[in-house]
Undergrad: 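Right, I'll just put the structure down here and ask away after.
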Amino acid sequence: MTSSQHASYVRTEMLPESPPPLTESGIVKWVKENLFSGWINSLLTVVSLYVIYVCLSHIIPWVFQSVWNAGSLTECREIAQEAYGHTHGACWAVIKERWHQLLFGFYPQDLYWRPILAFLLMFVALAPILFDRVPRKLLFFTAIYPFLMIWLCWGGSIWGPVCAALGFVIGYFTLITLEKVAGSLIAIIGMFVVPVMWWLYLSGPVSEMLTSTLPIGLQAVGSKDIGGFMLSFIIGLSGIALSFPIGLLLALGRQSNLFIVKSICVGFIEFIRGVPLITLLFVASLLLGYFLPKEVTFDLIVRVIILVTLFAAAYMAEVIRGGLAALPRGQYEAADALGLDYWKSMRLIILPQALKISIPGIVSTFIGLFKDTVLVVFVGLQDPIGFSNLIRAATEWNGIYWELFVFIGACFFVCCFSMSRYSMYLERKLQTDHR
Amino acid sequence: MSTTYDASEPSFRLSMLIYDTRYRSLTIQVVAFILFMSGIAWLISNAYFNLQDLGKDFDFGFLGSRAGYDISPRLIEYSNDSTHFRATLIGLLNTLLVAFLGCILATIVGVIAGVLRLSNNWITARLMTIYVEAFRNIPVLLWILLFFAFFTESLPHPRTFKGEDPESTLFLGSIAFTRQDAWIPAPIMGTGSNIILIIFALSLFAIWFFGRWAKRRQEATGDILPTFWIKLAIFVLPTLAMYLVLGRPITLEYPEISRFSFDGGIRVKNAMLALWLALSLYTGAFIAEAVRAGILAVSSGQTEASFALGLRPNRTMSLVILPQALRVIIPPLISQYLNLTKNSSLAIAVGYMDLRATLGGITLNQTGRELECMLLMMLIYLIVSLIISGAMNVYNSSVKLKER
């Protein structure tokens with residue numbers, strides 16, 4: 001040992017660390033590995049760069065060499081010609097002048113605070129559902145939000161929505177009182193029958209009476225004035241809120257052992273999934289009147305919401321059925337072995353797991369539903385695309401396409417993309433297995 | 001004694017229908033059935049009385065009467081003297097045409113995008129992510145309108161193709177994309193072209209037989225033939241040889257600029273092109289996600305195991321990864337094909353004459369029979385959907401894992 005320490009060919013101190021070769025570190029290494037690791041990869045890089053160049057070289061001048069202040073398309077072109085020497089730039093003036101129509105339709109301008117308030121309150125109502133750190137007491141607000149939204153958007157007397165909401169309260173108290181007096185079965189039947197009786201016969205006169213004695217209300221706005229993104233939100237939100245419970249029931253029905261219930265559910269789901277939404281919307285606008293008694297007439301928006309809800313519910317049912325089928329058989333057997341009845345085993349054991357599995361599918365069904373709300377333009381409702389047609393029909397904006405499409409597309413993209421990001425967050429949060 | 005006997009086997013009581021699990025399911029089903037049937041009966045009776053009040057009847061006889069309108073892309077013989085039934089058929093064929101072409105293009109686009117999204121190339125993967133997210137999060141109707149606006153607003157006018165030194169030229173020297181419509185070369189079938197078509201069909205059969213024979217041979221002897229190249233040769237060579245021997249009987253007629261637009265060639269509606277491209281790219285984004293999920297679902301251990309067995313990368317892909325990935329990919333692929341077929345009804349936005357435009361559009365407006373037209377149209381869409389999903393399910397069961 002000692003001899004080796006003094007041998008001249010043995011190094012006594014460590015060499016300083018030398019940096020790695022230039023091609024094996026930092027950005028050069030990254031580029032080499034990620035962009036030029038082989039001839040296929042290099043080719044892909046070159047092609048991608050070319051595609052990006054072509055896109056950006058068209059889009060950037062269009063977006064930035066644009067006109068923001070003009071009264072018409074011709075004026076836009078004149079200004080662009082003076083400023084940039086060409087007329088290829090965008091004419092954002094149309095958005096600046098007509099954004100309120102794209103967002104609110106023909107809603108009276110001095111009442112815009114109502115839909116905006118409803119939109120902001122939507123986040124308050126959604127917060128306790130979306131994030132579990134929000135206080136649970138807010139769920140009470142979530143329950144009254146639908147009625148509040150309808151009242152804010154359509155206006156009119158406050159007693160109409162209040163009486164409609166009272167039906168649910170009445171149903172709840174009927175259930176509680178009858179359960180003590182007459183047993184659960186009669187209570188459940190009563191829970192459905194009594195509120196329906198209330199809505200059919202009593203709520204109308206009661207709300208009229210209250211309106212005449214205590215006239216609290218907002219200025220009424222007709223359905224024909226509701227349009228643009230506001231309409232998309234109303235239809236999409238109602239469809240999402242209503243289609244989930246219906247889809248859940250349909251999925252349970254389809255998975256049940258009861259033959260007749262199962263057949264009805266399968267028939268309904270397959271029928272709805274087999275036809276395009278647009279035919280169902282035509283059913284809403286053309287045929288629903290045939291199948292209902294003459295005295296019953298709905299607003300077109302309500303009819304469309306009903307059909308959109310049924311459409312989304314069938315897809316929802318299939319997504320949830322996938323989750324139910326993916327659960328191991330042992331979970332069902334374990335729930336039975338614990339002595340739980342059907343609804344308890346579903347509520348406590350099966351559905352929490354099945355719904356967790358089906359979150360991505362459920363959210364993409366929601367996204368699909370929200371995107372599909374633009375189809376209502378074909379039955380005469382004025383959604384953003386309907387308004388883009390209307391704006392183009394005006395003489396001053398005749399021939400303007402891209403700016404409107406970009407604006408509408410961007411709005412939809414923001415909504416749908418944030419929904420899909422939320423679903424990824426939820427999946428991560430609910431992940432219980434260790435990976 | 002008799003009392004204990006009675007207690008052990010109680011007689012039937014009415015309350016048992018609800019509280020005894022043996023009878024309860026029956027009760028629930030009977031109640032559900034009665035409610036369902038009475039609901040249906042209520043709807044039908046409403047429809048009956050409403051029709052009676054309007055003085056209408058429920059009759060499909062209008063399908064046999066003269067339609068009196070023109071349909072422009074038509075795959076089979078049709079004139080405005082044809083019946084409404086014939087018009088419906090034309091519409092159905094147009095729907096199927098765009099759906100079929102769309103499914104093919106969407107599959108190609110989707111598979112390429114899905115695979116590229118997983119590639120090592122950072123920039124290509126990001127580009128594909130942008131494509132997928134952009135198309136998945138924006139309504140398909142907007143894409144259709146966007147493509148249609150591009151075709152009708154941004155493409156050159158036919159008159160710019162005119163003159164000695166025209167502003168616009170034919171794409172690849174053979175296709176005219178204009179803002180009116182597109183013109184593509186039309187094949188002219190000369191004498192003897194039937195023979196070439198027959199030879200081509202025979203060579204397809206030969207490829208199929210060769211594939212089966214090569215597989216059996218491989219299973220018996222273990223020898224692997226270069227099947228791809230042999231199949232390619234069978235696909236190309238006989239037809240090409242016959243084509244040259246017969247003196248090129250099939251020629252192409254190119255579109256020629258005439259006074260107002262183009263003559264010759266086949267005129268393809270811009271509406272159809274826009275619908276086809278928009279639907280394909282939109283559905284392709286969803287298929288890309290399905291393909292990506294399918295490939296990711298095959299664990300990396302499978303790749304490593306097949307490398308350990310000494311398989312080359314391309315055989316690993318075709319024998320190990322793809323068969324397992326296909327099982328995951330095919331069910332969502334089926335629903336995407338169905339979605340594309342149903343979304344083709346958005347042809348209403350661009351005026352392409354599909355089933356909705358003929359039966360659910362002009363026929364409905366001419367005859368005023370909303371009930372019959374809409375029900376028939378929904379029935380046809382339902383049948384088409386069921387056929388597609390049935391056919392794809394047969395294919396799915398042929399590739400899925402065989403379990404005992």
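Residue numbers begin at 1 in each chain, while the letters A, B, ... track the order of the sequences.
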Undergrad: If I measure from the heavy atoms of chain B, does A/V377 come under 4.5 Å with its side chain, its backbone, both, or neither?
TA: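 Just its side chain gets close to chain B.
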Undergrad: About how many Å separate CG of A/L280 and CE of B/M374, when rounded to the nearest 0.5 Å?
TA: 8.5 Å
Undergrad: State the CD1-CD1 distance between B/I123 and A/I52, to the nearest 0.5 angstrom.
TA: 4.0 Å
Undergrad: Test side chain to side chain contact (heavy atoms under 4.5 Å, CB included) on B/L346 and A/L375; report intermediate values, then the result.
TA: CA-CA 8 Å; B/L346 294 182; A/L375 300 196; 3.3 Å; yes
Undergrad: Under the side-chain contact (heavy atoms from CB on, under 4.5 Å) test, which residues partner A/F407, sequence neighbours left out?
TA: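 A/F407 satisfies side-chain contact (heavy atoms from CB on, under 4.5 Å) with A/I95, A/L102, A/L103, A/C411 once adjacent residues are dropped.
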Undergrad: With a 4.5 angstrom heavy-atom cut-off, which part of B/M377 approaches chain A: side chain, backbone, both or neither?
TA: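 When you check distances to chain A, only side chain atoms of B/M377 fall under 4.5 Å.
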Undergrad: Measuring heavy-atom distances to chain B, does A/L287 have an atom under 4.5 Å in its side chain, in its backbone, in both, or in neither?
TA: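 It is the side chain, since no backbone atom gets that close.
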Undergrad: Check each atom of B/I388 against the heavy atoms of chain A and say whether the ones under 4.5 Å are side chain, backbone, both or neither.
TA: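 It is neither, since no heavy atom gets under 4.5 Å.
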Undergrad: Walk me through it: do A/V374 and B/L142 pass the test side chain to side chain contact (heavy atoms under 4.5 Å, CB included)?
TA: CA-CA 8 Å; A/V374 294; B/L142 205 59; over 6 Å; no
Undergrad: Measure distances from A/L292 to the heavy atoms of chain B and classify the residue's part below 4.5 Å as side chain, backbone, both or neither.
TA: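 Contact with chain B involves both backbone and side-chain atoms of A/L292.
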Undergrad: Given heavy-atom pairs under 4.5 angstrom as the criterion, report whether the side chain, backbone, both or neither of B/A125 touches chain A.
TA: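 Answer is neither: B/A125 stays 4.5 Å or more from chain A.
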Undergrad: Looking at residues at least two apart in the chain, or sitting in another chain, which of them share a ring-ring contact (aromatic ring centres under 6.0 Å, His included) with B/F36?
TA: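 ring-ring contact (aromatic ring centres under 6.0 Å, His included) list for B/F36, sorted by chain: empty.
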Undergrad: For A/F413, which residues count as a ring-ring contact (aromatic ring centres under 6.0 Å, His included) partner, sequence neighbours excluded?
TA: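 A/F413: ring-ring contact (aromatic ring centres under 6.0 Å, His included) contacts with A/F417.
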Undergrad: Using 0.5 Å steps for rounding, measure from the CE atom of B/M128 to the CG atom of A/L44.
TA: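 If we round to the nearest 0.5 Å, B/M128:CE and A/L44:CG are 8.5 Å apart.
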Undergrad: Find the distance between SG (A/C55) and CG (B/L127) and round it off to the nearest 0.5 Å.
TA: 7.5 Å
Undergrad: Mind checking the CG-CD1 spacing from B/L141 to A/I385? Nearest 0.5 Å is all I need.
TA: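 Going from CG on B/L141 over to CD1 on A/I385, the span is 4.0 Å.
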Undergrad: Check each atom of A/F36 against the heavy atoms of chain B and say whether the ones under 4.5 Å are side chain, backbone, both or neither.
TA: neither
Undergrad: Between B/I380 and chain A, which part of the residue has a heavy atom less than 4.5 Å away: side chain, backbone, both or neither?
TA: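 It is neither, since no heavy atom gets under 4.5 Å.
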Undergrad: Identify which part of B/I28 has an atom lying under 4.5 Å from any heavy atom of chain A, answering side chain, backbone, both or neither.
TA: side chain
Undergrad: So what's closer than 4.5 Å to chain A heavy atoms on B/F148: side chain, backbone, both or neither?
TA: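 Interface part for B/F148: neither.
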Undergrad: With a 4.5 angstrom heavy-atom cut-off, which part of B/I383 approaches chain A: side chain, backbone, both or neither?
TA: neither
Undergrad: Between chain B and each of A/F271, A/F412, A/F378, count heavy-atom pairs under 4.5 Å; write down the option with the most.
TA: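 Answer, by heavy-atom pair count under 4.5 Å with chain B: A/F378.
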Undergrad: Report the option among A/F291, A/F282, A/F259 that has the most heavy-atom pairs separated by less than 4.5 Å from atoms of chain B.
TA: A/F291
Undergrad: Counting backbone as well as side chains, what donor-acceptor pairs lie under 3.5 Å between chain B and chain A?
TA:
| from | atom 1 | to | atom 2 | distance (Å) |
| --- | --- | --- | --- | --- |
| B/Q29 | OE1 | A/F259 | N | 2.9 |
| B/Q29 | OE1 | A/I260 | N | 2.6 |
| B/N46 | ND2 | A/F291 | O | 3.1 |
| B/A47 | N | A/Y290 | O | 3.3 |
| B/N50 | ND2 | A/G289 | O | 3.2 |
| B/N50 | ND2 | A/Y290 | O | 2.7 |
| B/N50 | ND2 | A/L292 | O | 2.9 |
| B/D53 | OD2 | A/K294 | NZ | 2.3 |
| B/K56 | NZ | A/Y290 | OH | 3.0 |
| B/N121 | ND2 | A/N41 | O | 2.9 |
| B/N121 | ND2 | A/N41 | OD1 | 2.7 |
| B/N121 | ND2 | A/T45 | OG1 | 2.7 |
| B/W122 | N | A/N34 | O | 3.2 |
| B/T124 | OG1 | A/S48 | OG | 3.0 |
| B/R136 | O | A/K371 | NZ | 2.6 |
| B/E153 | OE2 | A/Y401 | OH | 3.4 |
| B/Y282 | OH | A/K371 | NZ | 2.8 |
| B/K342 | NZ | A/R273 | O | 2.5 |
| B/K342 | NZ | A/Y315 | OH | 2.5 |
| B/E370 | OE1 | A/Y290 | OH | 2.7 |
| B/S385 | OG | A/G274 | O | 2.8 |

Undergrad: Under 4.5 Å heavy-atom distance to chain B, tell me which part of A/V51 shows up: side chain, backbone, both or neither.
TA: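 Only the side chain of A/V51 comes within 4.5 Å of chain B.
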